[in-house]
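So the structure is just underneath, and the comments pick up after that.
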Amino acid sequence: MRIYNTLTAKKEEFVPVRPGEVSMYSCGITAYDFCHIGHARSAIVFDVMRRYIRYKGYTITYIRNFTDIDDKIINRGHQEGLAWDAVAKKYIDEYYRDMDMLGVGRADVEPRATDYIGEMIEIVQGLIDKGHAYVSDGSVYFEVGSFRGYGKLSKRDLEDMMAGARIEVNERKKNPMDFALWKASKEGEPAWESPWGPGRPGWHIECSAMSLKHLGETFDIHGGGADLIFPHHENEIAQSEAFTGKPFVKYWVHNGFITVDKEKMSKSLGNFFTIREILHKFDAEAVRFFLLSTHYRSPIEFSDEQLKEAEVSIDRYYTTVLRARDFLALDQSVEKKSVDEQALSDILDSFIVRFREAMDDDFNTALAIGGIFELIRILNKYLDGKPLGVRSAELVTRAEALLREAGDVLNIFARTPEEWYKALMAVKKISLTEPDILSRIEARRQARENKEWAAADGIRKDLDALGIVLEDKKDSTTWKVKV
RNA sequence: GGCGACGUACCCAAGUGGCUAAGGGGGAGGUCUGCAAAACCUUUAUGCAGCGGUUCAAAUCCGCUCGUCGCCUCCA
């Protein structure tokens, strides 16, 4: 397995610190608002990495934190008239609601910053003792110049950064690039006791403290959105390595941004869409599929058209599953070979190998999905040949199992076609109920029996206008939601 | 200003030295069907922003140009 490492700017062979065991940490959210689709991308990307690593046979410990104390949370509390901890609790609950919908699993440990104040104080004190941090006015700052590797992740050097004019002046700091490990609290702000007086932790220190506690001094994978590379992850490296004297992380992975009109989706630009509002228009599986249909490091342009295409793709998948299921329900006592048997048999033999090759190559989900649809096409072609018999049932069963295996890793395609259509009816707000549809199908059946084609076609047209398409089969008519 | 990424068909998107440049969507034509839908077939990039170079061989490596975007400030 090869992983692109931001630290070395190369794809590297993945070798965990401890053989067979993987430790992974990804930066979660600051709980002060509803999550947007960018948060979803990050969460889904790391969810898939975790699933695939597990699928490969490693045991994995996955940590994803919540930042539950921070300026933004405090401010939000003032706006909403809530205590800071009530704000954090509220948005953590909302986070879970969104992530559950998107099929993002819980991490093995989901630590909250405020549960680790003691550990953070210990590290901050250690950094002071080692001469990497200093106290100033009740706050503690990390002295960036004392850590020789500063800038190695984001590929910049201190000199250049200091030349930049966009750094705020703060008399408490020795150097404008120094960052807060511990912030003295102002009157009325949440505060914890510390050797330097009442205060609260800086943002970066929590990840160092929580990963150290749960994963040890050096662990395998640390990830987050690309916007965390600087300063957040750069600062984490400085703190952690200055404190332990050991390498902090082996592989740094960062997901790309979501763009809107080619511009990065961000809070400050206001061009973001919350997960919630998207799920109002599209099924969660379509959202997940959309986010996995592009490689995780590439930017991905968000639009309704893209989501719609994802929906169409998923529909194609479930339509094929339904077709395979209908086929397997047939009486297979007569043997009839499909002309395309060899093609199907061949792709079944190579499918999982190619799926794993794609995923092994820096989690190339886009390529993996391409392989899935290649199999879908060949399976459909095979079924077009109207085969019959034990041998063909075996092939189709195997195809289904392979598709399910790949889908499980990505956590897509896990539903039945019926569940999919039901979900589509809900999200497309189709006013008809299933009995309505079935009674119209029955009316049409009678019309067709009497060769009243105009009446029959009228019923089909009406249903189509309401978002339902009919499919006439040998001796029945089925319906599905139009995508 | 410093650092970096990207530019593949009508759209989305894999591919980073060597078989006919994956896959999806859309368009056109066809098979099937009472008509449809679905599915399948053919077709839609002798070419991968442009120009040079390296090589027996380049979308893939190097250089330049143009364009787009990101980080350098909270940000997934």
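In what follows, every chain begins at residue 1, and chains take the letters A, B, ... in the order their sequences are listed.
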Cation-aromatic face contact A:Lys264/A:Phe257, 6.0 Å, 45 degrees
yes
Taking the cut-offs as 6.0 angstrom to the six-membered ring centre and 45 degrees off its axis, would you call A:Lys267 and A:Tyr32 a cation-pi pair?
yes
When the [atom1] atoms of [N] and [M] are considered, how many whole Å apart are they?
N	M	atom1	value
B:rU46	B:rC11	P	14 Å
B:rU44	B:rC10	C1'	9 Å
B:rG4	B:rA14	P	23 Å
B:rA59	B:rA45	C1'	11 Å
B:rU68	B:rC62	C1'	23 Å
B:rC48	B:rC19	P	16 Å
B:rG25	B:rU42	P	15 Å
B:rA49	B:rC12	P	14 Å

Tell me what [X] touches on the nucleic acid: a base, only sugar-phosphate, or nothing, going by heavy atoms under 4.0 Å.
X	value
A:Arg444	base
A:Gln306	sugar-phosphate
A:Lys72	sugar-phosphate
A:Ser266	base
A:Ile258	base
A:Asp472	base

Should the side chain of [X] and the base of [N] be counted as holding a donor-acceptor pair, with the cut-off at 3.5 Å?
X	N	result
A:Arg377	B:rC40	no
A:Asp457	B:rG34	yes
A:Arg460	B:rA36	yes
A:Asp71	B:rC74	no
A:Arg316	B:rG24	no
A:Glu309	B:rG24	yes
A:Lys264	B:rC75	yes

With a 4.0 Å cut-off on N to O distance, would you call A:Arg276 and A:Glu94 a salt bridge?
yes
Check the distance between B:rA38's P and A:Lys386's NZ and give it to me in whole angstrom.
16 Å
For B:rA45, give the paired nucleotide (Watson-Crick: N1-N3 plus N6-O4 or O6-N4; G-U: N1-O2 and O6-N3; both under 3.5 Å), or none.
none
Looking at B:rA5, which nucleotide sits across from it as a Watson-Crick or G-U wobble partner, both distances under 3.5 angstrom, or is there none?
B:rU68
B:rC40 phosphate, OP1 or OP2, under 4.0 Å from A:Asn380 side-chain N/O:
yes
Can you confirm whether the side chains of A:Asp70 and A:Thr30 place a donor and an acceptor under 3.5 Å from each other?
no
Pairing donors with acceptors under 3.5 angstrom, does anything connect the side chains of A:His204 and A:His233?
no
With A:Asp47 as partner, the option from A:Arg64, A:Arg41, A:Arg106, A:Arg288 fulfilling salt bridge (charged side-chain N to carboxylate O under 4.0 Å, His left out) is A:Arg288
Would you say A:Phe373 stacks on B:rG24, if stacking means ring centres under 5.5 Å apart and planes within less than 30 degrees?
no
